[in-house]
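Here's the structure, in structure tokens; my notes come after.
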Amino acid sequence: MFDFDNLAGFFLRQLVRFYITTPIYYVNAQPHLGHAYTTIVNDVLTRYHQLINCECYFLTGTDEHGDKIVRAAQKAGQSPESYVDYVSSLFKAAWPKLSINNDDFIRTTEERHKKAVAQFLNLVEKNGDVYFGEYGGHYCFGCERFYTEKELVDGLCPDHQTKPEFIAEKNYFFRMSNYQDWLIDYINQRPDFIRPERYRNEVLGFLRDPLEDLCISRPKSRLIWGIDLPFDNNFVTYVWFDALINYISALGWPDGQLFAKFWPAAHHTIAKDILKPHAIFWPTMLKSAGVDIYKHLNVHGYWRIGASKMSKSVGNVVEALTMADKYGSEAFRYFLMREMNFGLDSDFSEDRLVGRFNSDLANDLGNLWQRSLTMVQKFSPYLGGFEELEAQSDDQSWGQRIEKLIEDYQKAFEAVDPRGALQAVWEWIGLLNKTIDEEAPWLLAKDPLKKERLKAVLKRLLDALALIGALIWPVMPLTGEAIWRRLGLDHSQIKLSKAIKFMPSSSFKDPKTLEVGSAFFPRIEAQEPTIESSKGQEEYNGATDALTSQISFEDFKKIDLRVAKIIKAEKIKKSDKLIKLTLSLGLEERTVVAGIGQFYSPDNLIGLLVIAATNLAPVKLMGIESKGMVLASSAQGHLALLTVSSEVPVGSKVS
Ligand code: MSP
């Protein structure tokens, strides 16, 4: 018998603590998909840690000072005070609707925060890291920061594509440059301090150039909406210097109990847009004030809609909550976690959300539940309870498969890869659905000699569902809890160790108490999308974007790729690039015009097995109708046709 007790004991990690933060969001925009994603990721990571018995603390909040907030308030015809109260309340109200369960919500206009900022500034000043000086620079109001000439792109802010204003004024500066060498060493010694690695490399890249000191004040003649500098009340604190301190002010720094307990386990989650303040300003500020450095910076990519980067300032804001209302917060959370490869950009489309809903939730998970529970209810009068189970010859491999699932799942979460964790669970759901087909319980029920096997198969399905309920709980808490409730388990106490402990002990004693219930995710039939899909939008340029843009498997399946043999090839007159190919696809022949003339001579192509996309709409090239396309890869001025590594029949599908 597989030793499940041993495996369950592994998760009793009560002593480990976990503190996680989102950026505090500017209140110049309503909550949107980007904010929702980061906050959901944090909720998911928190719940994962709760699932394995860690003690957790999850902080989010709003960033309410600075020029840009004043401008937004003016635009709304309100005072900054009433404006920030209103928008902050929208953020606060948005999160519970998405099952986000944060422990605290900090606002930078709160007294507790202002007090901590003043204390922090005093420490930095006492340590000799603040000086008064004059500075002239290109100031972007959207970013609330000065840009150097070098950082501007064609004279414009790279993020907002607006022309910054040149401002020269006297201000206070933080000697950030003093900490450059220390920071480089610190990052070099901790490979997972900033992750994924691409962002660590990006930061080390910034640090190759000399670090400038940071301007940390704004004169009150220009801005009053901020926290006074404790050592000169003619100035307010620069908004980033103020905002970053929220991560400790909320814990009651310097002597709050929460600070002592959770700060050593601090994880910050951000998107790539605010990497520099978090990876450079914040650690050097902490170092100067003598506060320990946070543990991890987890950086994700951007959600894009259509062809544009979706953000507060570039426009095209998505009403994330309408999608959650339309399809339910559970499916919305699942989609966001399943679709984005943490660290890379992703395209949001409603079509894709519906695709995932139908295939992963309605089909894979929904069917597994319905089939399993219906069979248990149908066959249990014949079987009796599950107390006495005979050992099965494949108990060991069943246990090992579960062990592998949990290992993959945990590894993924420990590496901040919710998508990988879900992939591991869905791989297993697929396997269980296949097992039902192979074991065919309805046939086992017809053979009295197979009664014990039937019992074991059904018991395993119930165990598996309890485990699935626990494993999906971080991402879909309501569904995970409903699964446990319907199985007659205590859904208020979902823990991985418990889910595993059910396996050897027969907790499902009376199958009659199980509730099949209505379908968890009834299929969505095609309907009018409310959000434009990204189909047909212009493509992104640049290697990073090309690597990061993703399509669903449904979309990928739409391309009919076949193995084809080139049976004729001739150069097209007046073109040195185009070659007219005749392809054999087994049952048919067709003409394809390919732009490969500079790399292949027609004679060398005859007989070659290539990969052709066969269902593309025909196009005319140099007067010849081309019905499809052959696949090739090109880089650094070289091009190679794709082919197969061993002989397969012409016309075979490529999948
Ligand atoms: N107030 C600062 C953060 C201060 S933290 C000490 C700020 N606020 S923000 O409202 O602009 O939020 C930026 C964050 O929102 C991003 O880092 C990310 O977490 C989230 N997102 C905003 N747009 C996004 C996307 N399009 N995609 C994914 N997340 C993005 O910067």
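In each ligand, atom 1 is the first atom listed, and ligand 1 is the first ligand listed. On a predicted model such as this, the values are computed, not experimentally measured, just so you know.
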Only heavy atoms count here, so choose which of [options] is nearest to [atom].
atom: atom 9 (S) of ligand 1; options: Y302, F281, Y26; result: Y26
atom: atom 21 (N) of ligand 1; options: P31, G34, G142; result: G34
atom: atom 28 (C) of ligand 1; options: H300, H32, H35; result: H300
atom: atom 19 (O) of ligand 1; options: L33, D63, I24, T38; result: T38

Worksheet item: Is the closest N or O pair between W303 and ligand 1 shorter than 3.5 Å?
Response: yes
Worksheet item: Short N/O distance, under 3.5 Å, between A271 and ligand 1?
Response: yes
Please work out whether any backbone atom (N, CA, C, O) or any side-chain heavy atom from C-beta onward of [X] is under 4.0 Å from ligand 1, and answer side chain, backbone, both or neither.
X: D273; answer: side chain
X: H278; answer: side chain
X: W240; answer: side chain

Within the 4.0 Å heavy-atom shell around [X], which atoms of ligand 1 are there?
X: Y25; result: 8 (N), 10 (O), 12 (O), 15 (O)
X: Y247; result: 5 (S), 6 (C)
X: G301; result: 28 (C)
X: A243; result: 6 (C)

Worksheet entry | Derivation and outcome, ring-ring contact (aromatic ring centres under 6.0 Å, His included), residues W253 and F120 | CA-CA 9 Å; W253 174 81; F120 197 96; 5.6 Å; yes
Worksheet item: Any side-chain heavy atom of D129 sitting closer than 4.5 Å to one from T284?
Response: no
Worksheet item: Do the non-hydrogen side-chain atoms of H160 and F141 ever get within less than 4.5 Å of each other?
Response: no
Are [X] and [Y] close enough that their ring centres sit under 6.0 Å apart?
X: W426; Y: Y334; answer: yes
X: F348; Y: F335; answer: yes
X: F174; Y: Y238; answer: no

Worksheet entry | Partner set under side-chain contact (heavy atoms from CB on, under 4.5 Å) for N201, not counting sequence neighbours |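 Checked N201 against side-chain contact (heavy atoms from CB on, under 4.5 Å); matches are E197.
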Practice prompt. Identify, with sequence neighbours excluded, every residue that meets side-chain hydrogen bond (donor to acceptor under 3.5 Å, both in side chains) alongside N246.
Written response: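 Checked N246 against side-chain hydrogen bond (donor to acceptor under 3.5 Å, both in side chains); zero matches.
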Worksheet item: Can you find a side-chain donor-acceptor pair between E64 and Y83 that sits under 3.5 Å?
Response: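 No, Y83 and E64 have no side-chain donor paired with an acceptor closer than 3.5 Å.
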